[in-house]
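We name chains A, B, ... by the order of the sequence lines, and we start the count at 1 in each one.
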Protein chains: 2
Amino acid sequence: MTAPAVVRRRRSQRGSGDQLRAEIVAVAKRLLAAATSVDGVSIRAVADAVGVTPPSIYLHFADKNDLIAAVVADVFAELDAAMLEAGARAQGPMEKLRDYGMAYVRFAVDHPEHYRLAAMDPCPRPDVDEVLANSAFVHFNATVVECIEAGIFPAGDPLPITLDLWSAAHGIASLLIAKPFLPWGDRDQAVERVLCAAALGHAAVGLVGEPATPARVTEWLKRRRPSRRTPRASR
Amino acid sequence: MTAPAVVRRRRSQRGSGDQLRAEIVAVAKRLLAAATSVDGVSIRAVADAVGVTPPSIYLHFADKNDLIAAVVADVFAELDAAMLEAGARAQGPMEKLRDYGMAYVRFAVDHPEHYRLAAMDPCPRPDVDEVLANSAFVHFNATVVECIEAGIFPAGDPLPITLDLWSAAHGIASLLIAKPFLPWGDRDQAVERVLCAAALGHAAVGLVGEPATPARVTEWLKRRRPSRRTPRASR
DNA sequence: TGTACATCAGTGAACGCGCGTTCACTGATGTAC
DNA sequence: TGTACATCAGTGAACGCGCGTTCACTGATGTAC
C-alpha cells in the first residue's frame, strides 16, 4: 500500500476560482461514469479525487444536487456536440435525422451512466424550458421541421413528431442500457431498425392523411396488401 | 406525537413463515412506490412498517438485493395481469397488440417507481432467460407471432419485432416518467401515436419488402408521394 | 523598496445521522413420553 | 392428562461504516501606504 497520497494542489490564484470548479465537475463526471447511481458517488470521493477536502466543494456548489446538475448540463453539451458532428455531412433532412438518432443512441450506449443520469433518473429540479431550450433538443426539432418542409413528415406542429422520435431513440437507448443482455443481435442494426420504423411510421401517417389508430393501421394494410396467409384461430 | 407504536405482531404459526415473507414483500413494494430509488427504502424502514425488527427480514431474504428481486418479480406479475386483462377482449392481433402496449404504458405511468425499478434501474442479477421467460414478454411475443400469421408484419423471426415494439413502448413510458413536465398534450394520444407509428413502421417494412434504411425510406416516400413543398435551403 | 494588513480559497475536525448486517439470546409453540 | 424438552420465529443490542454538511480556523496572496 502506498502512503495516503497527500498530493496537495497548488492554491488557486485570486481570480481563478472557476478553474477548481471546472475540475470538480470533470472529476464528478468521471466518477459518475463508474457508479450505478448518484448515491454511489459521494462529495467526499469527489473531493478526494480532486485532491481537496470536502468543504472545498461547498465553496463552488450550494450542495450535492447543485454539483450533479452541473454534471448533467455538461453531459447534455457533450451529447449535443456528438450529434452535431454526426449529422454534419448528412445528405438530406431524413439522413440528418438518422445520423442524429444514431449518434444519440451511440452516446447513450457508450456513456450509459451519464445517459442514465441525464435522461433516465428523476430530475432533481424539473424544468420544461430547460429541456426544450436544450441544444440537442433544439437541433433535433429543427431537423424535424426540415423534414416537414421537405414533405417527408405531415405538415403541422413539429413538436409531437420530435417528442415521438425522441421517445423512439430513448426507448432503444435506455433498453440497451437497462437490459444489455437481451438478444439484440447487431446493435447498430437494431437501433437503425427502430429509428427507421418510427420515422417511417410517422411518414406513413402523412401518407394515410389521418392519425394512426390500430383499426386504421389494420384497414390500411388490408386495403393495400391482403393477408398473405389465412389468419389462424388464436389458441 | 404518538407513542412509538409498539404494535407487536402475533408470532407466526410453525408452518406459516411464508405469510410474513409475503407481507414483507408487499410492504417493501408499497414503500418503494413512494421512494425515488432503492436506496430510499431501507431494511429498517420495511421492518418498521411490517411491525417487526430488522433482523427478522434476514430470516426470509438473504440480503436487501434478494428482497428487491422479490418485489421486482411481483411487479412483473402485476404488469402481466394488467396487460392480459386489457387485451382480453381485443378484436384481432393488431388490436390486442395495441391494448397490450397501452396497458403496459399505463401501468408504467400509474406505478412510475415500480416501473423504474423493474425496467429502468440496473438489474442486480441480469438474466436473459428470466426476461425472455417473463410472462408479459411471452404474451407480447405471442401476439407479434399472431400478427405475422395474419400477414400484418413481415414473415420471419418475431423476436426482433417484439424487441422493437417493446423499445417503442418502453421509450414513451420511461420518457413520460422521467420527463413528465414535457408538453405531451393528451398522454393517451401520445402513447397511441408512438405505438401505432412503431407498428405501422414495421408493417410498412413488410410492404417495402426490405429492411428500412433512411435512404430507402426517403426513396420510398419520393416514389409514392413527391414532396408537397419545395425543400427550403437550410439556414 | 519594505511592511502592515485585508482578503478569501482551502483546511481539519467534528456534528448527527441512517445504513446493512451480525450475533447471542428469548420465549411461544408443538411434541415425545 | 401432565410435564420436560426441542424447535425456531423473532428480538435487542451492537458492529463498523460512510454520508452531507457546518464551523472556526489558517496561511498564501495581493494591496495600500
Write down the distance between CZ (A:Phe61) and P (C:dA9), rounded to a whole number of angstrom.
14 Å
Start with the C-alpha distance between B:Ile68 and B:Val41, add both sets of side-chain angles, then the distance that settles side chain to side chain contact (heavy atoms under 4.5 Å, CB included), and finish with yes or no.
CA-CA 10 Å; B:Ile68 300 296; B:Val41 173; over 6 Å; no
Please give, in whole Å, the distance from C:dT7 C1' to A:Leu59 CG?
14 Å
Atom pairs under 3.5 Å, N or O on each side, protein against nucleotides 17-20 of chain D: can you list them with distances?
residue : atom : partner : partner atom : Å
D:dC19  : OP1  : A:Ser42 : OG           : 2.7
D:dG20  : OP1  : A:Ile43 : N            : 3.4
D:dG20  : OP1  : A:Lys64 : NZ           : 2.9
D:dG20  : OP2  : A:Ile43 : N            : 2.9
D:dG20  : N7   : A:Arg44 : NH1          : 2.3
D:dG20  : O6   : A:Arg44 : NH1          : 2.9
D:dG20  : O6   : A:Arg44 : NH2          : 3.2

Non-hydrogen side-chain atoms of A:Trp184 and B:Ser167 separated by less than 4.5 Å
yes
Taking CD1 from B:Ile24 and P from D:dG10, how many angstroms apart are they, rounded to a whole number?
8 Å
Quickly work out the B:Ile57 CD1 to C:dT22 C1' distance and round it to whole Å.
15 Å
For DNA chain D, please output the secondary structure as dot-bracket, reading 5' to 3'. Pairs are Watson-Crick or G-U wobble, both atom distances under 3.5 Å; mark crossing pairs with [ ], other-strand partners with |, unpaired with a dot.
.||||||||||||||||||||||||||||||||
Taking only residues two or more places apart in sequence, or in another chain, which ones meet A:Glu78 in a salt bridge (Lys or Arg N to Asp or Glu O under 4.0 Å)?
A:Lys29
Please check the phosphate of C:dT11 (OP1 and OP2 only) for any side-chain N or O of A:Thr53 closer than 4.0 Å.
yes
I want to check one thing: is the phosphate of D:dG10, taken as OP1 and OP2, less than 4.0 Å away from some side-chain N or O of B:His60?
yes
Which comes earlier along DNA chain D counting from the 5' end, the contact point of B:Ser56 or that of A:Ala62, where each point is its nearest nucleotide?
B:Ser56
Can you find a pair of side-chain heavy atoms, one from B:Pro122 and one from A:Arg116, that are under 4.5 Å apart?
yes
Would you mind telling me which of D:dA9, D:dG12, C:dT11 lies closest to the side-chain atoms of A:Pro55?
C:dT11
Quick one: A:Asp48 CG to C:dT11 C1', roughly how many Å, whole number?
14 Å
To the nearest Å, how far apart are B:Asn65 CG and C:dT21 C1'?
13 Å
Below 4.5 Å, heavy atoms only, C-beta onward: do A:Tyr104 and A:Leu79 meet side chain to side chain?
yes
Start with the C-alpha gap between B:Leu163 and B:Phe140, add the side-chain angles, then the distance that decides, and say whether side chain to side chain contact (heavy atoms under 4.5 Å, CB included) holds.
CA-CA 10 Å; B:Leu163 286 177; B:Phe140 203 65; over 6 Å; no
Taking the side chain as every heavy atom from C-beta outward, state whether B:His60 and B:Leu20 have any atom pair closer than 4.5 Å.
yes
Tell me, with the steps shown, if A:Leu195 and A:Glu192 meet side chain to side chain contact (heavy atoms under 4.5 Å, CB included).
CA-CA 5 Å; A:Leu195 296 182; A:Glu192 191 154 33; 5.9 Å; no
Once rounded to the nearest 0.5 Å, what's the spacing between atom CD1 of A:Ile43 and atom OG of A:Ser56?
11.0 Å
